[in-house]
Enquirer: 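Dropping the structure in here first, questions after.
The chains referred to below are lettered A, B, ... by the order of the sequence lines, with proteins before strands, and numbering in each begins at 1.
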Protein chains: 2
Amino acid sequence: MNHADLMALAKIPLFADLPIAKLDELEEKSFVQQQPSEAVLFEQGDSARFLCVILSGRVALVGSSKAPAEDLQEEHTKDEAGCAGHDREAIIEIFGPNEVVTIAAIVLNLPYLMSARVLEAARIALIPADIIRDLLQDDASFARATTVMLAKHWRLLSRQLKDQKLRSGTQRLGTYLLTLTEGRMSGPADIALPLDRRTMASWLGMSVENLSRSLAQLKPIGVTANGRAAHINDIAQVRAFCLEDGLR
Amino acid sequence: MNHADLMALAKIPLFADLPIAKLDELEEKSFVQQQPSEAVLFEQGDSARFLCVILSGRVALVGSSKAPAEDLQEEHTKDEAGCAGHDREAIIEIFGPNEVVTIAAIVLNLPYLMSARVLEAARIALIPADIIRDLLQDDASFARATTVMLAKHWRLLSRQLKDQKLRSGTQRLGTYLLTLTEGRMSGPADIALPLDRRTMASWLGMSVENLSRSLAQLKPIGVTANGRAAHINDIAQVRAFCLEDGLR
DNA sequence: ATTCCAACTTGACGTATGTCAAGATGACCT
DNA sequence: AGGTCATCTTGACATACGTCAAGTTGGAAT
């Protein structure tokens, strides 16, 4: 890993308090990959050999429901050119710059529970799992930072789980749009959607078609979307719809 | 907290490596509550003042969809005698003996994201949040144990989220029954259901009525249930139905 | 045992969502 | 420009699921 990348790493809270010696070890033993969109970083069941730190781009953790490809009929031969077929899949979490993937698998030394796919071309630092496990053992401040990070993720996931269990797809969509407005409580907003429809649908736990329909359903409360541009007339109105209880 | 309870605490991985001095501090500053079924330990939005360690019984983290009470109309006055009305609610996680609730809120020093309700009369040790935060700061081994615990919970939640996003209610029910068979892969099983229908339904993310119907749907593959007793004719058959993707 | 009540089940029906199929839109290529 | 292709949208239909209402069961109190 080159020095510029190391400096970027060192700015992430997880690594901020590391002593020089440890940083040197990171610089020596880690490396950086450039991955194009759609690349698969690892698959469900792989053993956790690296901590992935996203330097730029976006990566999703993806769980899929279909059986693995090997026991499908060979008749179709439709799998040319990576046309991955149409298994349903669910995006569990999305990671952006300065975030860390796979920490749980590395801490527990267990195989990955989910696959990781690149959503936007990404530069990713790969740090050998052993180094991370040593850090956890030797460096109290690193262990503390990891705890804080995992606690945040626990809250993210439990919030998502709650949404999934008791809100409608349309409400989840609205809530998602609200997260893209960076916390304003009222007034209009122009939103640049960072994901395409397929990805958004996986993230929200619905089909692409239903996502389109949900988008249409939000029109009456002042939400319009066109491709990757969306507009909200009055954030307060959307909040009232999404954060309230199961109407309609 | 009395000495016997402290000894029970000390057997939990989280506290196993604590030095005597810290244990003494725990004994002095913590206390134990006996809570009946249905008791509410804390509510969504409360600030996190104690770590709750379950000594016996069971506790659920519950998210509800209704807006918080303060902005409801006062007309109904239906809230007499704790008749909680019929808001839908979702159980996010269920904790049993030797498990710890609220660790994330305490680590982050943020208000609870969810309420906690007792499912089975429980003895609960309450440890002041300050002590836990001090331990995280001073005791590397405690920080490490916390990390391991949170990592496990991350995996539990992400698995649940995946189930919720891409499996049917009936499949989730089957999967739940399988977890109660303690990992056998085939053969028959008699199961004692630890939860009533309402709680099971919240846990599985469906209505009580649908739970009954899902149970009926499992009959053709050899699952029968009567009250809190269930029986599976052949575990392998249920696995085939629920785990189309082979994980778990 | 009889009564009563809460928990559970079942039925009927409407809404939400997935699926298949057919358009519409828009970007990119020649 | 025109064509080609992927993405997005819309429609039609089937299924999953929630809700209301009625019935059933089982256990506790009398």
Enquirer: C:dT15 C1' sits how many Å from A:Leu166 CG, rounded?
Expert: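 Spelled out: CG on A:Leu166 to C1' on C:dT15 is 17 Å.
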Enquirer: Just checking B:Asn226: does its CG atom have more than 12 heavy atoms from other residues, nucleotides or ligands closer to it than 6.0 angstrom?
Expert: no
Enquirer: Between A:Gln217 and A:Thr170, does any side-chain donor sit less than 3.5 Å from a side-chain acceptor?
Expert: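 Side-chain D/A pair, A:Gln217 to A:Thr170: present.
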Enquirer: Please, which pairs that meet side chain to side chain donor-acceptor pair (under 3.5 Å) have at least one residue in residues 187-201 of chain B, sequence neighbours excluded?
Expert: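 Qualifying pairs: B:Glu38-B:Arg198, B:Asp190-B:His231, B:Asp196-B:Thr199.
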Enquirer: What verdict does the side chain to side chain donor-acceptor pair (under 3.5 Å) test give for A:Gln160 and A:Trp203, after you've listed the backbone C-alpha separation in whole Å, the side-chain angles of each residue and the deciding distance to 0.1 Å?
Expert: CA-CA 10 Å; A:Gln160 228 196 308; A:Trp203 171 242; over 6 Å; no
Enquirer: Roughly how many Å is it from NZ in B:Lys165 to P in D:dA16, rounded to a whole number?
Expert: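 The answer, rounded to whole Å, is 22 Å.
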Enquirer: When the distance from CD of B:Gln164 to C1' of D:dC17 is rounded to whole Å, what number comes out?
Expert: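 Those two atoms, CD and C1', are 12 Å apart.
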Enquirer: Reckon B:Ser168 touches a base, only the sugar-phosphate, or nothing at all at heavy-atom distances under 4.0 Å?
Expert: sugar-phosphate
Enquirer: How close or far is atom P of C:dA7 from atom CG of B:Leu193, stated in whole angstroms?
Expert: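 After rounding, the gap between these two atoms is 16 Å.
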Enquirer: Distance check needed: D:dG18 C1' versus B:Leu204 CG, whole Å only.
Expert: 16 Å
Enquirer: Restricting to pairs with a member in residues 206-231 of chain B, which pass salt bridge (Lys or Arg N to Asp or Glu O under 4.0 Å), not counting sequence neighbours?
Expert: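 The answer is none; no pair qualifies.
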Enquirer: Does a side-chain heavy-atom distance below 4.5 Å link A:Arg123 with A:Asp5?
Expert: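 The answer is yes, as the side chains (C-beta and beyond) meet within the 4.5 Å cut-off.
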Enquirer: Measure all distances between protein nitrogen or oxygen atoms and nitrogen or oxygen atoms of nucleotides 8-13 of chain D, and list the pairs falling under 3.5 Å.
Expert:
residue: D:dC8; atom: OP1; partner: A:Arg197; partner atom: N; Å: 3.3
residue: D:dC8; atom: OP2; partner: A:Arg197; partner atom: N; Å: 3.4
residue: D:dT9; atom: OP1; partner: A:Arg197; partner atom: NH2; Å: 3.2
residue: D:dT9; atom: OP2; partner: A:Arg197; partner atom: NE; Å: 2.8
residue: D:dT9; atom: OP2; partner: A:Ser212; partner atom: OG; Å: 2.5
residue: D:dT9; atom: O5'; partner: A:Ser212; partner atom: OG; Å: 3.2
residue: D:dG11; atom: N7; partner: A:Arg213; partner atom: NH1; Å: 3.1

